[in-house]
2 protein chains.
Amino acid sequence: MEQTARMSESISRRPGRPLGGQLVVDREHVLDAAERVIRRDGAGSSLEAVAVEAGVTKPIVYDRVGGRADLADALAERLSDRMVLATRTALAGETLSQMGLTRFIEANLRTVADNRELFLYVTGGSTEQTALGRLSLAERSTTPLTKTLAVWRSSIQQDPGVAEAWAFGIVGMLQMVSQWWITQDDRSAEEVAGQISELLWNGLPGRT
Amino acid sequence: MEQTARMSESISRRPGRPLGGQLVVDREHVLDAAERVIRRDGAGSSLEAVAVEAGVTKPIVYDRVGGRADLADALAERLSDRMVLATRTALAGETLSQMGLTRFIEANLRTVADNRELFLYVTGGSTEQTALGRLSLAERSTTPLTKTLAVWRSSIQQDPGVAEAWAFGIVGMLQMVSQWWITQDDRSAEEVAGQISELLWNGLPGRT
DNA sequence: CCCGTTACTTACTGCTGGTAACTTTTCGCA
DNA sequence: TGCGAAAAGTTACCAGCAGTAAGTAACGGG
């Protein structure tokens with residue numbers, strides 16, 4: 001009676017091979033569910049809750065996306081994709097202006113704000129393995145940034161290692177500023193973006 | 001027989017009020033033990049292991065330092081103290097030079113390398129509460145940096161909010177660069193420090 | 001001499017990540 | 001047509017961890 005599938009009638013929650021031999025609940029479905037749960041319950045969400053939201057049981061989650069570290073990694077990829085998408089227009093031009101940089105940072109902040117809990121889930125790695133997993137989000141965001149940097153500044157082309165270090169540094173700066181910014185509401189995104197842009201563009205001593 | 005205290009003979013591991021009514025195992029003792037455990041077993045160390053290493057039981061740990069979040073916070077304070085101490089000489093002068101900035105960053109990197117596991121433990125917040133707890137390390141490192149920044153650049157004095165944003169940004173940059181740097185050993189601290197210093201000093205476009 | 005306080009331990013709960021083993025359905029093939 | 005193999009999922013479990021309640025031994029003041 002009340003033990004029938006409650007979540008979604010379209011997916012089969014009972015064992016056995018489905019018609020056509022195709023997976024009813026695929027990886028994307030589980031990741032969507034994970035996002036909903038995290039958005040609703042916060043960054044401390046469990047895999048169990050994700051499974052329930054997806055309308056399946058835990059082993060399915062492990063089969064589709066792997067363990068907790070893999071889930072965080074997959075969600076990091078989603079978030080970084082949104083980051084890249086949101087900031088793409090700001091980095092579009094051939095040459096970079098301070099205005100463009102500011103808009104890049106502001107878009108970054110807004111994307112974090114729009115995905116607050118997801119951001120905290122992804123950046124808040126749990127174990128020692130996942131602590132390094134934060135680099136995963138960084139690396140993904142870093143790749144396009146590295147290319148852009150190489151275009152901007154000729155000196156980077158002479159020493160390619162610089163671009164990588166800079167990209168990680170900038171991503172780290174943006175992550176920390178984002179984390180600090182979303183915990184307080186008395187500053188606008190424009191204001192903070194302008195301040196960070198000023199630092200990254202003109203350097204600590206400023207233009208003389 | 002073999003159930004006697006095995007760890008340290010000087011501390012009393014049996015219940016009852018000790019002589020003189022003074023605590024035998026104080027907060028610092030527990031924090032020292034926590035550091036040893038984390039250094040030995042990595043960032044995934046449990047409170048149970050900390051208690052064993054300290055020669056006491058778990059409730060003692062909770063009484064002395066609180067829960068896991070409090071432990072991470074206390075260790076973050078220790079680490080940031082070491083950071084400040086190691087970088088103090090680099091920031092000593094009245095005016096800042098790029099060389100001084102480079103040495104500041106390099107000292108930062110070396111301190112992280114010397115406290116690798118501790119750094120990963122502190123920055124790798126576990127739950128959603130502790131995710132914001134990474135700000136704790138940042139804020140502690142930020143405070144002296146903010147003061148220094150205010151001295152360096154007059155424009156900051158006009159808008160005090162800038163210093164805070166910059167300090168968080170710089171700390172985030174250093175944390176991410178550290179995390180990236182300690183996972184690969186084909187770059188020297190000097191090299192990376194010089195590259196990040198160049199970015200922070202001259203800005204993205206560089207000095208023309 | 002004894003009782004309250006202090007300091008500590010034992011023993012537990014609740015939850016989470018992860019996995020082994022079992023069940024049900026479908027499909028391929030004789 | 002019937003039957004075994006494979007696929008898809010569930011149930012039921014384990015180990016480990018954070019955190020806590022309740023019990024116990026030693027000291028000190030009246």
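This one's a predicted model, so the numbers in the text were calculated from it and none came from an experiment. Quick note: numbers below take in every heavy atom, side chains included, and nothing from hydrogens, waters or symmetry partners. Below, read A as the first sequence line, B as the second, and so on, with proteins coming before strands; counting in each chain starts at 1.
- With sequence neighbours left out, B:Arg187 forms a side-chain hydrogen bond (donor to acceptor under 3.5 Å, both in side chains) with A:Glu164.
- Look at CG on B:Asp63: it is 13 Å from C1' on D:dT20, rounded to the nearest Å.
- Between the P atom of C:dT19 and the CG atom of A:Asp70 lies a distance of 11 Å, rounded to the nearest Å.
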Legend entry - Audit row: A:Val50, A:Lys58, side chain to side chain contact (heavy atoms under 4.5 Å, CB included) steps and yes/no: CA-CA 8 Å; A:Val50 170; A:Lys58 236 184 334 174; over 6 Å; no
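- Here C:dG18 presents its P atom at 16 Å from CD1 of A:Ile60, a figure rounded to the nearest Å.
- Rounded to an integer number of Å, the gap from CG of B:Asp26 to P of C:dC8 is 11 Å.
- Considering only residues two or more places apart in sequence or on other chains, A:Arg78 meets the side-chain hydrogen bond (donor to acceptor under 3.5 Å, both in side chains) condition with A:Glu28, A:Asp32, A:Glu35.
- Residues passing the side-chain contact (heavy atoms from CB on, under 4.5 Å) test with A:Ala49, sequence neighbours excluded: A:Val37, A:Ser46.
- Judged as a side-chain contact (heavy atoms from CB on, under 4.5 Å), and not counting sequence neighbours, the contacts of B:Ser197 are B:Gln98, B:Leu101, B:Thr102, B:Ile105.
- For A:Glu191, the salt bridge (Lys or Arg N to Asp or Glu O under 4.0 Å) criterion is met by no residue, not counting sequence neighbours.
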Inset, instruction - Going 5' to 3' through nucleotides 11-17 of chain C, assign each nucleotide B (protein heavy atom under 4.0 Å from a base atom), S (under 4.0 Å only from sugar-phosphate atoms) or - (no protein heavy atom that close). - result: -----SB
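- Within the structure, no pair that satisfies the salt bridge (Lys or Arg N to Asp or Glu O under 4.0 Å) test touches residues 168-181 of chain A, not counting sequence neighbours.
- One axis for each end of the helix from C:dC1-D:dG30 to C:dA30-D:dT1, each built from five base pairs, and the angle between them comes to 30° at 10° resolution.
- The side-chain contact (heavy atoms from CB on, under 4.5 Å) check on A:Ala189 picks up A:Glu106, A:Leu109, A:Arg110, A:Trp181, with sequence neighbours excluded.
- Taking side-chain N and O atoms only, A:Arg64 has no distance below 4.0 Å to OP1 or OP2 of D:dA8.
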